[in-house]
Colleague: 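Sharing a structure below in structure tokens format, with a few things to ask.
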2 protein chains.
Amino acid sequence: MHSIFRDSSIPRNVQLADLFRQRIARGIWPLGHKLPSLEELVREFDVARVTVRQAMNRLAREGLVSPQQGRGTMVTGGAATDRWLNVQTTLDDLHKVYLDTKPELTNLGESVAMPQLTAIDGTPAPEYRLLRRLHQRDGVPYCVISIYLDNRIFNRAPQRFRNEIVISVLRTMRSVKVARARQTLTINAADVEVASHLQIPVNSPTAEVRRVFNDPAGTIIYLAEVTYRGDFIRLEMNLRV
Amino acid sequence: MHSIFRDSSIPRNVQLADLFRQRIARGIWPLGHKLPSLEELVREFDVARVTVRQAMNRLAREGLVSPQQGRGTMVTGGAATDRWLNVQTTLDDLHKVYLDTKPELTNLGESVAMPQLTAIDGTPAPEYRLLRRLHQRDGVPYCVISIYLDNRIFNRAPQRFRNEIVISVLRTMRSVKVARARQTLTINAADVEVASHLQIPVNSPTAEVRRVFNDPAGTIIYLAEVTYRGDFIRLEMNLRV
DNA sequence: TAGTGGTCTAGACCACTAG
DNA sequence: TAGTGGTCTAGACCACTAG
């Protein structure tokens, strides 16, 4: 076996991560599939286990793979585009913001509906429960949200999902595993309906957040479309040097 | 020496990171100061070096500390707020977006001026060069930017700074070390001047980005205020599970 | 040249998953 | 129970910084 590490000035874990990224991009490790185990990769590349893990950690931070203790590591994403800035955070941090904000919920309607999906979102569930609601803080409305929740999951605790923060409820259900979570933020202007709910003028700036959770099999179990008042959004970005 | 690790169900590197975070929050390790070396921390807590590094990596990702090979690890930040979502990316990624976007630059003016600063931004440089410019892509203007650059740095390559992407020039200067970089994104509406530059209607949605770079001593060497057309902004956020 | 962070090895034990 | 990821140890060598 000859070593694949040609450039000793680049750390092995970075070279490994690059190589793994290539395998994912080229479909050698297709989306949704299980990667070889750490042990196998250790043997294939003749490096220490820790080095493989460092490489995997990189890919996990990029959202390409999702390691799961006891199960294996799944491919959960494709290549990132360079046109937009890709940023990282954690589901925990997102949840903390919800806890800290302590929103008051107003229901705007409930139905069964299918969301608009694209191929990269994942595999659709058979049926979704659509929950529309308004979030307020100290009586001031700051976002309207449409949540599409896999109806099989909704039916396990309908009352809780209707009255609590959906992400909080999902986190307490041990049978629900979120393997991948991501969201996209864009900037928009309020239409008449949104403006009326948020009590802002039509055409005021808003932020649109589209959030998707997949389970380990790639099924889209949660999809939310959130429209925030623009002045409620503030993103602190730490740029690692 | 008795072990400080009481809860064996929480990984030691996480407990260590929590403890370090406390020391920073309480001012035992004040902002701008150098932390004990990894060796010293290994002895103090009687853990493996790798474990201390894992903990430091966490804090570095949060922007609290900035490890510098050969120099030591500096405290570069305070506690994060829970009200806003904190996200992470890298200076490299930000730079890649600039390279990929290949902006055409139009100068809107140059002067010597002081930016509006707050205490947490860092220590001001004695004097700043203010460069105002418009970025276009394929002839379409998409942002106006005001760059305050430490005049001592500007004077090393005035022509390059005037005609190239400032971040690119900074990266090529080996004598310039960026120890900390961060930016804040908020949402706004275009005023008359911005609307005219960006060729959009007054009150159209915009994104405001305020970006600050500090050198290892905490001096603010670069501060940029960027106003983007709202429809040009799209943030992909990966939420680690 | 001494001090410091960055990476890597080889091996160990644990926690979790799924049959 | 076998397979898999998560964490940790003890020690080594390297790259970079600053006097």
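What you see is a predicted model, and the numbers here were worked out from it, not measured in a lab. Proteins get letters first, then strands, A, B, ... in listed order; numbering begins at 1 in each.
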Colleague: Quiz question: by atom type and distance under 3.5 Å, do the side chains of B:Arg61 and A:Asn238 form a donor-acceptor pair?
Modeller: no
Colleague: Hey, does the side chain of A:Thr73 come within less than 4.0 Å of D:dG5's phosphate (OP1/OP2), counting only N and O?
Modeller: yes
Colleague: Contact class for B:Gln54 (heavy atom, under 4.0 Å): base, sugar-phosphate, or nothing?
Modeller: sugar-phosphate
Colleague: List in chain and number order the residues that pass ring-ring contact (aromatic ring centres under 6.0 Å, His included) with B:Phe213, two or more places apart in sequence or in another chain; answer none if no residue qualifies.
Modeller: B:Tyr222
Colleague: Can you tell which of C:dT7, C:dT4, D:dT9 lies closest to the side chain of A:Asn13?
Modeller: C:dT7
Colleague: Quick one: list whatever passes side chain to side chain donor-acceptor pair (under 3.5 Å) with B:Ser146, sequence neighbours left out.
Modeller: B:Arg132
Colleague: Look at the side chain of A:Pro11 and decide which nucleotide, out of C:dT7, D:dA10, C:dA10, has an atom nearest to it.
Modeller: C:dT7
Colleague: In whole Å, what is the span from the CZ atom of A:Arg174 to the C1' atom of C:dA18?
Modeller: 15 Å
Colleague: Compare the minimum distances between each of D:dT4, C:dT4, C:dT9 and the side chain of B:Ser37, then state the nucleotide with the smallest one.
Modeller: C:dT4
Colleague: Taking only residues two or more places apart in sequence, or in another chain, which ones meet B:Thr90 in a side chain to side chain contact (heavy atoms under 4.5 Å, CB included)?
Modeller: A:Arg240, B:Asp92, B:Asp93
Colleague: Between B:Glu236 and B:Arg234, does any NZ, NE, NH1 or NH2 come within less than 4.0 Å of an OD or OE carboxylate oxygen?
Modeller: yes
Colleague: From D:dT4, C:dG11, C:dG5, pick the nucleotide closest to the side chain of A:Lys34?
Modeller: D:dT4
Colleague: Please identify each residue that fulfils salt bridge (charged side-chain N to carboxylate O under 4.0 Å, His left out) with A:Arg152, with sequence neighbours left out.
Modeller: A:Asp150
Colleague: Rounded to the nearest Å, what distance is computed from the CE atom of residue A:Met56 to the P atom of nucleotide C:dC8?
Modeller: 15 Å
Colleague: Whole-Å distance between C:dA10 C1' and A:Arg43 CZ?
Modeller: 15 Å
Colleague: If you look at every strand shown and take non-hydrogen atoms under 4.0 Å, does B:Gln68 touch a base, only sugar-phosphate, or nothing?
Modeller: sugar-phosphate
Colleague: If you write DNA chain C from 5' to 3' in dot-bracket form, with Watson-Crick or G-U pairs under 3.5 Å, [ ] for crossing pairs and | for pairs with another strand, what do you get?
Modeller: ||||||||||||||||||.
Colleague: Just to verify, what does B:Ala113 make a side chain to side chain contact (heavy atoms under 4.5 Å, CB included) with, not counting sequence neighbours?
Modeller: B:Ser111, B:Leu130, B:Tyr148
Colleague: According to salt bridge (Lys or Arg N to Asp or Glu O under 4.0 Å), does anything in residues 158-169 of chain A pair up with another residue at least two apart or in another chain? List the pairs.
Modeller: A:Glu110-A:Arg162, A:Arg160-A:Glu164
Colleague: Looking at B:Thr51, I'd like to know whether one of its side-chain N or O atoms comes within less than 4.0 Å of OP1 or OP2 on D:dT9.
Modeller: yes
Colleague: Taking only residues two or more places apart in sequence, or in another chain, which ones meet A:Ala55 in a side chain to side chain contact (heavy atoms under 4.5 Å, CB included)?
Modeller: A:Leu16, A:Ala17, A:Phe20
Colleague: So which protein N/O to nucleotides 13-16 of chain C N/O distances come out below 3.5 Å?
Modeller:
from	atom 1	to	atom 2	distance (Å)
C:dC16	O4'	A:Gln69	OE1	3.3

Colleague: Select one nucleotide: of C:dG5, D:dT9, C:dA10, the one nearest the side-chain heavy atoms of B:Ala48.
Modeller: D:dT9
